[in-house]
Asker: 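The structure that follows is given in the form of structure tokens.
No hydrogens, no waters, no symmetry mates; every other heavy atom, side chains included, goes into these values. Naming convention: chains lettered A, B, ... in sequence-line order (proteins, then strands); numbering from 1 in each chain.
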Amino acid sequence: MANLSEESKERIVKLLDTSKTIAHYCWIPFVIYLGWKNTDAKPNLINLLSPFPAM
Amino acid sequence: MSSPAPLPLGDLAKLNMSALPAITQEKPKPGFWSSNPIFSFVNDVYSGFADHRQSIGLLNPGTIENLNKEVSRDVFLNQYFFTGFRADLNKSFSLNPAFQTSHTLSIGSKSIPPYAFNVLYANDNLFAQGTLDNDLSLSGRMNYGWTKDVISKATLQIAQDQTMVQLEQDIQGVDYSLNLKTLNPSYLDGDFSGVVVGSLLQSVSKKLAIGLEAVYSKQAQYAPDAAVSYVARYNAKDWIASAQLQAQGALIASFWRKVSANLEAGIETQIQAGLKPITDPMLGQVIGAEPVVNGVTTIGAKYEFRQSVVRGQIDSEGKVSAFVEKRVLPTISILFSGEIDHFKNTSRIGLGLQFESAGTEQIALMQQGLVDAEGNPVPGAPAIA
């Protein structure tokens with residue numbers, strides 16, 4: 001992989017940086033969505049994020 | 001009407017029953033790839049080898065990561081120890097698939113952030129988990145099981161200034177465990193950089209397993225480094241002994257024993273050999289190196305009561321520590337951890353509260369012990385109003 005040009009190297013670094021930002025801010029919402037979608041109870045957002053019991 | 005002659009009891013072989021079509025497996029028809037002389041020879045050798053391997057009856061030895069899990073993670077309290085005050089507010093929304101969130105608040109601790117939010121989702125073959133703390137540093141983990149024995153894992157850690165990515169592949173065979181992982185792999189510096197670890201643990205008898213772990217690491221601007229560690233584990237059901245000889249010159253030996261149904265005890269000795277630089281007392285220059293050997297032995301025990309778990313340990317460096325976890329209500333537990341270092345005359349203490357709350361009514365009833373996992377009332381429990 002030593003024959004990568006500077007330009008494409010820069011592009012890859014940029015791409016990695018962008019995907020890092022996406023992963024940073026989207027990972028927690030993604031896991032919450034997975035859980036919300038696959039469980040029978042569809043809790044609302046406040047119920048999901050508040051630490052207090054629903055009742 | 002003539003009745004058929006009664007069958008002699010116990011002679012099932014005389015029963016005229018054709019094999020059930022769904023149960024008898026049809027052998028695959030030999031095609032070119034399995035019938036040509038070379039491949040059929042290879043297949044025969046392989047299946048003969050596999051049959052022989054099955055016939056020995058070896059068991060999977062577990063992973064290298066869990067080599068001394070019984071001592072260092074279950075009995076010893078290193079993993080549970082914390083300082084300061086903390087409160088965990090866990091909230092479950094579903095048990096199968098598992099879906100829960102948790103908020104952790106903490107003060108007076110160096111290792112636990114003041115606030116962290118954690119979310120976890122797990123079903124039969126997928127596990128996803130993420131933690132975000134008040135500095136916005138994220139740690140995420142995802143495991144995916146392709147089959148029961150082949151699992152891919154990815155771990156991601158993003159803090160303000162550094163990122164860590166770890167990719168891992170776990171293969172558990174009938175009598176071996178193979179694990180390959182790589183940490184921050186990259187080709188952007190013109191050559192490979194990062195860490196690659198491969199490990200294999202193989203059962204050699206019903207109780208004994210031996211294995212090795214090879215690590216290759218290459219960081220940009222540094223020379224590459226490779227190291228091999230050797231491990232062994234002897235598992236005799238109610239006691240387990242394990243040893244690791246690490247490439248850096250450390251020897252770790254541990255022994256675990258289940259003393260009674262509720263009591264487990266463990267002892268671990270770590271011997272670290274290394275080189276200590278000698279400095280000239282007049283000039284302050286390094287003039288050579290002397291070998292030094294350091295050893296630490298820790299002995300500990302864990303007792304499980306019905307409502308509480310008590311762990312205690314003492315080590316040869318003068319540290320005595322204890323960890324108590326007590327369930328005071330079905331949904332509230334109290335944690336206490338304390339450590340006294342007798343040689344340095346220092347001490348550390350931690351107090352914590354754990355609340356289990358529910359996101360749905362059924363989970364709430366389950367946590368109170370009123371209904372079971374299927375939603376049926378538990379016998380003996382007070383009637384639900």
Side-chain angles (χ1 to χ4, degrees), chain A, chain B residues 87-105 115 117-123 126-132 136-142 154 156-160 162-163 165 186-192 331 355-365 367:
Chain A
M1 287 272 214
N3 50 5
L4 272 180
S5 73
E6 282 301 313
E7 199 180 322
S8 50
K9 206 184 262 184
E10 228 166 69
R11 226 174 267 161
I12 291 173
V13 170
K14 211 176 208 177
L15 194 77
L16 286 176
D17 266 354
T18 318
S19 46
K20 182 184 137 185
T21 315
I22 293 174
H24 198 164
Y25 293 103
C26 296
W27 179 247
I28 297 275
F30 170 67
V31 179
I32 292 180
Y33 172 74
L34 267 184
W36 184 84
K37 189 164 180 299
N38 293 310
T39 53
D40 293 333
K42 301 276 183 241
N44 60 37
L45 199 64
I46 298 168
N47 187 1
L48 270 172
L49 297 181
S50 90
F52 304 107
M55 279 119 317
Chain B
D88 295 315
L89 302 138
N90 302 332
K91 189 170 182 177
S92 306
F93 293 94
S94 165
L95 290 186
N96 191 24
F99 179 39
Q100 71 172 58
T101 61
S102 123
H103 302 254
T104 304
L105 302 158
Y115 173 77
F117 174 74
N118 175 57
V119 59
L120 177 152
Y121 171 75
N123 64 19
L126 176 74
F127 171 87
Q129 186 241 339
T131 306
L132 193 67
L136 284 181
S137 40
L138 171 86
S139 84
R141 173 191 285 273
M142 182 144 144
L156 174 72
Q157 271 176 16
I158 303 176
Q160 273 121 347
Q162 56 180 351
T163 307
V165 180
S186 161
Y187 273 103
L188 287 174
D189 300 317
D191 206 351
F192 175 80
T331 55
F355 299 93
E356 302 286 335
S357 66
T360 64
E361 200 168 339
Q362 201 204 329
I363 304 271
L365 293 173
Q367 284 175 348

Asker: Between B:Leu132 and A:Trp27, is any pair of side-chain heavy atoms under 4.5 Å apart?
Answerer: no

Asker: Between B:Gln129 and chain A, with a heavy-atom cut-off of 4.5 Å, which part of the residue counts as in contact: side chain, backbone, both or neither?
Answerer: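 Interface part for B:Gln129: backbone (N, CA, C, O).
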
Asker: Check whether any side-chain heavy atom of B:Thr360 sits under 4.5 Å from a side-chain heavy atom of A:Thr39, and report yes or no.
Answerer: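 B:Thr360 vs A:Thr39: side chains apart.
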
Asker: Could you go through the side-chain contact (heavy atoms from CB on, under 4.5 Å) check for A:Tyr25 and B:Leu138 one step at a time?
Answerer: CA-CA 9 Å; A:Tyr25 293 103; B:Leu138 171 86; over 6 Å; no

Asker: Check whether A:Pro51 gets within reach of chain B through its side chain, its backbone, both or neither, counting any heavy atom under 4.5 Å.
Answerer: both

Asker: Which value, rounded to the nearest 0.5 Å, describes the distance between B:Phe93 atom CZ and A:Ile32 atom CD1?
Answerer: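 If we round to the nearest 0.5 Å, B:Phe93:CZ and A:Ile32:CD1 are 8.5 Å apart.
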
Asker: Measure across A:Val31 and B:Phe99 and return the closest heavy-atom pair with its distance rounded to 0.1 Å.
Answerer: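 What the structure gives for the nearest pair is O-CE1, 4.2 Å.
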
Asker: Keeping B:His103 on the side-chain end and A:Leu49 on the backbone end, is there a donor-acceptor pair under 3.5 Å?
Answerer: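 Side chain of B:His103 to backbone of A:Leu49, a donor-acceptor pair under 3.5 Å: yes, one is there.
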
Asker: Heavy-atom distances under 4.5 Å only: say whether B:Thr131 touches chain A with side chain, backbone, both or neither.
Answerer: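 B:Thr131 touches chain A through backbone heavy atoms alone.
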
Asker: Got a donor-acceptor contact below 3.5 angstrom from the B:Lys91 side chain to the A:Asn47 backbone?
Answerer: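 Indeed, once roles are kept as given, a pair shorter than 3.5 Å links the two residues.
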
Asker: Out of curiosity, A:Asp40 CG to B:Gln362 CD, how far, rounded to the nearest 0.5 Å?
Answerer: 9.5 Å

Asker: Can you say whether B:Leu136 sits under 4.5 Å from chain A via the side chain, the backbone, both, or neither, judging by heavy atoms?
Answerer: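 Answer is both: backbone and side chain atoms of B:Leu136 are under 4.5 Å from chain A.
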
Asker: How far does NE2 of A:His24 sit from CD1 of B:Ile158, to the nearest 0.5 angstrom?
Answerer: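 Going from NE2 on A:His24 over to CD1 on B:Ile158, the span is 5.5 Å.
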
Asker: Side chain, backbone, both or neither: which part of B:Tyr121 has an atom under 4.5 Å from a heavy atom of chain A?
Answerer: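 For B:Tyr121, backbone and side chain are both near chain A.
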
Asker: Answer yes or no: does atom OH of A:Tyr33 have more than 12 heavy-atom neighbours from other residues, nucleotides or ligands under 6.0 Å?
Answerer: no

Asker: Would one find more than 12 heavy atoms of other residues, nucleotides or ligands at under 6.0 Å from atom OH of B:Tyr115?
Answerer: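 Atom OH in B:Tyr115 is crowded, with more than 12 foreign heavy atoms closer than 6.0 Å.
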
Asker: Counting neighbours of CG on A:Asn44 that are heavy atoms of other residues, nucleotides or ligands and sit closer than 6.0 Å, is the number greater than 12?
Answerer: yes

Asker: Side chain, backbone, both or neither: which part of A:Leu16 has an atom under 4.5 Å from a heavy atom of chain B?
Answerer: side chain

